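Only one structure is covered here, and it is reproduced in the block below.
Bear in mind the structure is a predicted one, so any value in this text is a computation, not a measurement.
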Amino acid sequence: MAQYFMQINGQQMGPMDESVLLLNGLTPTTPVWTEGLVTWVPANQVPALAHLFANQAPPYQAPPPYGDAYQPERNHRVPKPPTNLVWGILCTVFCCLPFGIVSIVKASQVSTFYSQGLYAEAEEASKSAGKWAMWGAIISVVATVLYILCIILFAGSMAAFM
């Protein structure tokens, strides 16, 4: 019966019989040597050891990442839509608080959807964040103009009574 040597973590082990190789941590890629081989080779390339790996499941491979522009159904990069977060913050601070908060929430959903591979939802959240910020700014401008008109009218009516 042939005697085999193998290398595990850089340490040479052996000689040992074929029957104890797997018990000592032999994998298909473990370097082995036996009489008749010129150099160390992966165990799955030694014809006499091939039967040891015939019923083994293939090694685990991690699934591909789903964040940062990976799209399995089309397998190409999709650009990330703008979050419009800056406009939401500016709207909250300077214009219309409720509309600005909704804009910030929608803007934060853009990155979440995009990292999950939900590109249509990310695009929709981006558009929605921009709309809420824009309408908050428009309402703020209209309210300011109306406020100034009210002050002018009130000041004019007060001057008429005096």
Side-chain angles (χ1 to χ4, degrees), residues 6-11 13 21-32 40-46 49-162:
M6 65 181 192
Q7 291 182 356
I8 304 280
N9 297 327
Q11 298 292 322
M13 300 173 64
L21 287 173
L22 290 174
L23 297 174
N24 286 299
L26 181 75
T27 67
T29 59
T30 302
V32 297
W40 293 83
V41 296
N44 62 359
Q45 293 182 11
V46 178
L49 299 178
H51 69 278
L52 295 175
F53 309 111
N55 294 328
Q56 279 189 352
Y60 172 77
Q61 290 186 353
Y66 282 94
D68 288 340
Y70 178 78
Q71 188 172 11
E73 61 273 2
R74 285 190 253 162
N75 201 18
H76 70 277
R77 293 191 176 270
V78 173
K80 182 178 177 183
T83 61
N84 295 311
L85 181 62
V86 172
W87 296 114
I89 291 171
L90 291 174
C91 179
T92 302
V93 173
F94 295 112
C95 300
C96 183
L97 182 69
F99 283 61
I101 290 174
V102 174
S103 179
I104 290 171
V105 169
K106 292 292 184 183
S108 68
Q109 291 175 347
V110 173
S111 295
T112 303
F113 287 144
Y114 187 77
S115 66
Q116 293 173 353
L118 304 171
Y119 303 109
E121 289 83 352
E123 185 69 33
E124 184 59 35
S126 172
K127 289 177 184 177
S128 184
K131 287 178 191 175
W132 281 99
M134 180 187 65
W135 281 107
I138 290 170
I139 288 173
S140 177
V141 168
V142 169
T144 302
V145 168
L146 290 174
Y147 179 73
I148 291 171
L149 285 174
C150 286
I151 289 177
I152 291 171
L153 291 174
F154 181 74
S157 64
M158 289 300 288
F161 287 115
M162 289 195 181

**Report entry** Residues forming a side-chain contact (heavy atoms from CB on, under 4.5 Å) with Ala125, sequence neighbours excluded
**Finding:** Gln109, Val110, Phe113

Report task. Name all residues meeting the side-chain hydrogen bond (donor to acceptor under 3.5 Å, both in side chains) criterion together with Thr30; count only those two or more places apart in sequence or in a different chain, and write none if there are none. Result -> Thr27

Query raised in the report: So which heavy atom on Thr112 is nearest to which on Ser115, and how close?
Result: O-OG, 3.0 Å

Query - Verdict with reasoning, Ser126 to Lys80, per side chain to side chain donor-acceptor pair (under 3.5 Å) - result: CA-CA 10 Å; Ser126 172; Lys80 182 178 177 183; over 6 Å; no

Requested in this report: Could you grab the distance from atom CG of Leu90 to atom OG of Ser103, nearest 0.5 Å is fine?
Outcome: 9.5 Å

**Report entry** Asn44 side chain reached by Leu49 side chain, heavy atoms, under 4.5 Å
**Finding:** no

Query - CD1-SG distance between Ile104 and Cys91, expressed to the nearest 0.5 angstrom - result: 8.5 Å

Query - Qualifying residue, where the test is side chain to side chain contact (heavy atoms under 4.5 Å, CB included) with Trp87 and the options are Ile89, Asn84, Leu85 - result: Asn84

Requested in this report: Look up atom CE in Met13 and atom CG in Asn24, then write down how far apart they are to the nearest 0.5 Å.
Outcome: 4.0 Å

Query raised in the report: Okay, side chain of Thr144, backbone of Ser140: is any donor-acceptor separation there less than 3.5 Å?
Result: yes

Query raised in the report: How close do Ala43 and Val32 get, heavy atom to heavy atom, and via which atoms?
Result: CA-CG2, 3.8 Å

Requested in this report: Return the minimal non-hydrogen interatomic distance between Met6 and Leu26, and the atom names on each side.
Outcome: SD-CD1, 3.8 Å

Report summary line: Phe99 meets the ring-ring contact (aromatic ring centres under 6.0 Å, His included) criterion, sequence neighbours left out, with Trp132

Report summary line: Interatomic distance, CD@Glu124 vs CG@Leu118, rounded to 0.5 Å, equals 13.0 Å

Report task. Please say which of Ile148, Val142, Leu149 ends up in a side chain to side chain contact (heavy atoms under 4.5 Å, CB included) with Val145. Result -> Leu149

Query raised in the report: Any idea which heavy atoms bring Thr92 and Ile101 closest together, and the distance?
Result: OG1-N, 3.4 Å

Report task. Measure the NZ-CD1 distance between Lys131 and Ile138 for me, rounded to the nearest 0.5 Å. Result -> 12.5 Å

Query raised in the report: Are the side chain of Ser157 and the backbone of Phe154 linked by a donor-acceptor contact shorter than 3.5 Å?
Result: yes

Query raised in the report: Which heavy-atom pair separates Cys95 from Ala137 by the least distance, and what is that distance?
Result: SG-CA, 3.9 Å

Report summary line: Separation between CG (Leu22) and CG (Leu52), nearest 0.5 Å, reads 5.0 Å

**Report entry** Nearest heavy atoms of Gln7 and Trp40, plus distance in Å
**Finding:** NE2-CE2, 3.4 Å

